[in-house]
Amino acid sequence: MHQIMLEKGWTYELPPQYAIYQSLSDFSRYSVLDQEEESVCSFRITNDTCTITGFRPWQHHIELDVTAKVIRLILTEERLGHNPVDS
């Protein structure tokens, strides 16, 4: 995981092979892309809130800590290649 500092004191933690982009038309909006450059998550940040506006839950899990202003994007086990069916 690596951390990216965002606007308004928020931090985003995401896998190192992912990228985060800030909208040029609205600096409060962000998108996260995977290694294939497909959208994984999009969200909007205000002073005290983070609103998830798009998300692919079948491949990822999001943890949101509003008190610490931290957003974590976590890959599911299957995405990481640890599929228990193959064990």
Side-chain angles (χ1 to χ4, degrees):
M1 292 279 221
H2 65 276
Q3 293 184 343
I4 307 291
M5 296 302 295
L6 306 174
E7 298 286 319
K8 315 264 190 243
W10 286 84
T11 301
Y12 201 94
E13 296 180 358
L14 65 161
Q17 66 272 30
Y18 283 36
I20 189 166
Y21 295 93
Q22 187 174 29
S23 171
L24 295 176
S25 61
D26 180 352
F27 292 131
S28 69
R29 296 187 182 276
Y30 295 84
S31 294
V32 177
L33 304 181
D34 64 13
Q35 60 271 24
E36 287 96 29
E37 297 186 6
E38 293 183 19
S39 179
V40 173
C41 176
S42 55
F43 57 97
R44 182 170 188 245
I45 289 180
T46 60
N47 286 332
D48 297 324
T49 61
C50 173
T51 304
I52 306 298
T53 57
F55 178 55
R56 289 195 326 211
W58 61 91
Q59 295 176 337
H60 306 89
H61 173 75
I62 290 181
E63 293 179 358
L64 183 60
D65 183 342
V66 177
T67 304
K69 291 188 171 183
V70 175
I71 310 159
R72 287 181 195 89
L73 179 68
I74 302 167
L75 295 172
T76 60
E77 288 184 0
E78 180 177 332
R79 181 78 171 176
L80 291 172
H82 298 109
N83 190 344
V85 175
D86 295 337
S87 301

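If you read the sequence from its start, that first residue is 1, and numbering goes on from there.
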Would Y21 and I52 show up in the same hydrophobic cluster when neighbours are defined by side-chain heavy atoms closer than 4.5 Å? no
Could you measure the distance from the CZ atom of R72 to the CD1 atom of I62? Nearest 0.5 Å is fine. 12.0 Å
Between the CD1 atom in I20 and the CG atom in L73, the distance rounded to the nearest 0.5 Å is 9.0 Å
Quick one: does any side-chain atom of T53 pair with a main-chain N or O of S42 as donor and acceptor, under 3.5 Å? yes
Parallel under 30°, tilted from 30 to 60°, perpendicular over 60°: which one fits the rings of Y12 and F43? parallel
Distance (rounded to the nearest 0.5 Å) between I71 CD1 and I4 CD1: 11.5 Å
Taking the side chain as every heavy atom from C-beta outward, state whether V32 and S39 have any pair of such atoms under 4.5 Å apart. no
Is any side-chain heavy atom of Q59 less than 4.5 Å from a side-chain heavy atom of V40? no
CD/E7 to NZ/K69 distance, rounded to the nearest 0.5 angstrom? 11.0 Å
Decide yes or no for L75 and Y18: does some side-chain heavy atom of the first lie under 4.5 Å from some side-chain heavy atom of the second? yes
Would you confirm whether W10, through its side chain, and T46, through its main-chain N or O, come within 3.5 Å as a donor-acceptor pair? yes
To the nearest 0.5 Å, atom CG of L14 lies from atom NE2 of H60 at 10.0 Å
Are I74 and M1 side-chain neighbours, meaning at least one heavy-atom pair lies under 4.5 Å? yes
Distance check, rounded to the nearest 0.5 Å: I45 atom CD1 versus R29 atom CZ? 11.5 Å
Assess the side chains of R44 and S28: does a donor N or O sit below 3.5 Å from an acceptor N or O? yes
Take atom CD in E37; do more than 12 heavy atoms of anything else shown fall under 6.0 Å from it? no
Between L33 and F27, is there a shared hydrophobic cluster once you connect ILVMFWY residues whose side-chain heavy atoms come closer than 4.5 Å? no
